Amino acid sequence: MTAAAWTDPPYSYTYHFISNLGVRGPATAFGQFMYSPLAWVMNTGFFLFGLAALTGVLLLRGLPGRRYRPAVAMAARLATGAVVLAFFPGSGEAGDGATDYHALGALMGFIGGNVLAILIGRMHRLLGFPRRLGTALVGAGIVGLGSLVTYMAVVESGAGGLIGLVERGIVYPFLIGFIVVGAALRKRPLAAG
């Protein structure tokens with residue numbers, strides 16, 4: 001919805017950063033023009049996603065502490081990153097360090113989400129979803145972390161023509177994985193209790 005509202009020039013999924021959708025603009029930063037008429041929708045989405053991810057992990061039951069605590073820690077990192085993104089859009093306009101907070105929030109979310117995907121995938125048996133799904137979730141986290149390395153190299157090189165695509169390689173695998181695992185967990189029988 002936010003990408004569709006950005007029409008002049010059109011938002012590009014391969015060129016623009018994801019969080020540009022949270023910048024009202026018009027502004028230019030990092031070599032990109034930003035103008036998102038529905039920036040508030042994107043920033044609200046970042047905020048709510050962070051809370052939902054943390055809540056979802058906190059609601060997992062039946063895990064030993066040595067498995068549960070690291071998952072909660074990564075969910076908290078992901079949630080904190082998403083909330084920081086919501087409150088500090090990446091426009092570079094403020095000149096007061098807001099861009100630094102935004103970059104820190106993004107990095108926290110990137111690492112937290114992908115490591116969380118790996119941890120949850122490895123707990124497939126304890127959580128009661130199929131091994132194939134657990135393996136896919138671990139793979140999604142590995143792809144995301146690999147994409148993060150590529151992303152950092154692209155940012156450092158200044159060759160940003162496909163930066164949006166590479167950034168999506170960090171985020172989309174764990175997002176899709178969490179949706180699929182959430183659906184699988186909803187289908188499992190409730191334990192008597």
Side-chain angles (χ1 to χ4, degrees), residues 1-5 11 13 16-24 36 38-65 67-90 101-124 126-130 133-145 147-148 151 164 167-191:
M1 180 165 84
T2 53
Y11 180 80
Y13 284 89
H16 288 105
F17 292 101
I18 295 168
S19 55
N20 285 5
L21 291 167
V23 178
R24 174 74 177 120
S36 182
L38 295 179
W40 68 271
V41 173
M42 188 67 177
N43 293 323
T44 301
F46 280 141
F47 183 83
L48 293 176
F49 167 71
L51 296 181
L54 179 58
T55 301
V57 171
L58 289 173
L59 291 174
L60 294 175
R61 298 287 176 240
L63 297 174
R67 299 282 186 120
Y68 183 70
R69 284 188 293 277
V72 170
M74 286 301 111
R77 178 179 291 233
L78 173 59
T80 302
V83 169
V84 168
L85 290 176
F87 286 107
F88 297 97
Y101 289 122
H102 180 85
L104 178 62
L107 188 60
M108 289 177 73
F110 293 162
I111 294 170
N114 284 296
V115 173
L116 180 60
I118 293 168
L119 293 174
I120 290 175
R122 294 190 67 214
M123 294 186 284
H124 67 89
L126 294 169
L127 292 171
F129 60 86
L133 181 52
T135 301
L137 196 56
V138 169
I142 292 169
V143 166
L145 291 173
S147 295
L148 177 57
Y151 175 82
E167 185 180 33
R168 282 165 175 78
I170 301 168
V171 176
Y172 285 11
F174 75 76
L175 286 179
I176 293 166
F178 291 163
I179 291 167
V180 173
V181 166
L185 291 176
R186 282 184 50 96
K187 290 180 182 177
R188 71 180 179 175
L190 294 174

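The model shown is predicted, which means the values in this text are computed figures rather than measured ones. The first residue of the sequence shown is numbered 1, and numbering continues consecutively from there.
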Enquirer: Do Leu133 and His124 have side-chain heavy atoms sitting under 4.5 Å apart?
Expert: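 No; the side chains remain at least 4.5 Å from each other.
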Enquirer: What's the spacing between Met108 CE and Leu104 CG if we round to 0.5 Å?
Expert: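 Those atoms lie 6.0 Å apart.
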Enquirer: List in chain and number order the residues that pass side-chain hydrogen bond (donor to acceptor under 3.5 Å, both in side chains) with Asn43, two or more places apart in sequence or in another chain; answer none if no residue qualifies.
Expert: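 If we apply the side-chain hydrogen bond (donor to acceptor under 3.5 Å, both in side chains) test to Asn43, skipping adjacent residues, there are no hits.
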Enquirer: Which pair of heavy atoms, one from Pro70 and one from Gly65, lies closest together, and at what distance?
Expert: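 Residues Pro70 and Gly65, closest heavy atoms: CD-O, 3.9 Å.
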Enquirer: Could you grab the distance from atom OH of Tyr13 to atom CG of Leu21, nearest 0.5 Å is fine?
Expert: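 Here the interatomic distance stands at 7.0 Å.
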Enquirer: Check Phe178 against Gly113 and note the closest heavy-atom contact, atom names and distance.
Expert: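 Closest approach of Phe178 to Gly113, heavy atoms only: CZ-O, 3.5 Å.
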Enquirer: What are the two closest heavy atoms between Leu116 and Ala71, and how far apart are they?
Expert: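 Scanning both residues completely, I find the closest heavy atoms to be CD1-O, 3.5 Å.
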Enquirer: For Val143 versus Pro173, what's the shortest heavy-atom pair and its separation?
Expert: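 Closest heavy-atom pair between Val143 and Pro173: CG1-CG, 4.1 Å.
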Enquirer: Are any of the side-chain heavy atoms of Val72 and Leu60 separated by less than 4.5 Å?
Expert: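 Counting from C-beta outward, Val72 and Leu60 never come under 4.5 Å.
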Enquirer: Could you pull out all residues at least two apart from Tyr11 that satisfy side-chain hydrogen bond (donor to acceptor under 3.5 Å, both in side chains)?
Expert: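 Applying side-chain hydrogen bond (donor to acceptor under 3.5 Å, both in side chains) to Tyr11 gives Arg168.
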Enquirer: Within the side chain of Asn114, is there an N or O that forms a donor-acceptor pair under 3.5 Å with the backbone of Ile170?
Expert: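 Checked: pair present.
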Enquirer: Within the 4.5 Å heavy-atom criterion, are Leu85 and His102 side-chain neighbours or not?
Expert: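 Leu85 vs His102: side chains touch.
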Enquirer: Any idea which heavy atoms bring Gly22 and Pro89 closest together, and the distance?
Expert: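 So the two residues come closest at O-CB, 3.4 Å.
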Enquirer: Identify the two heavy atoms, one from Gly169 and one from Ser147, that lie closest to each other, and give their separation to 0.1 Å.
Expert: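 What the structure gives for the nearest pair is O-OG, 3.3 Å.
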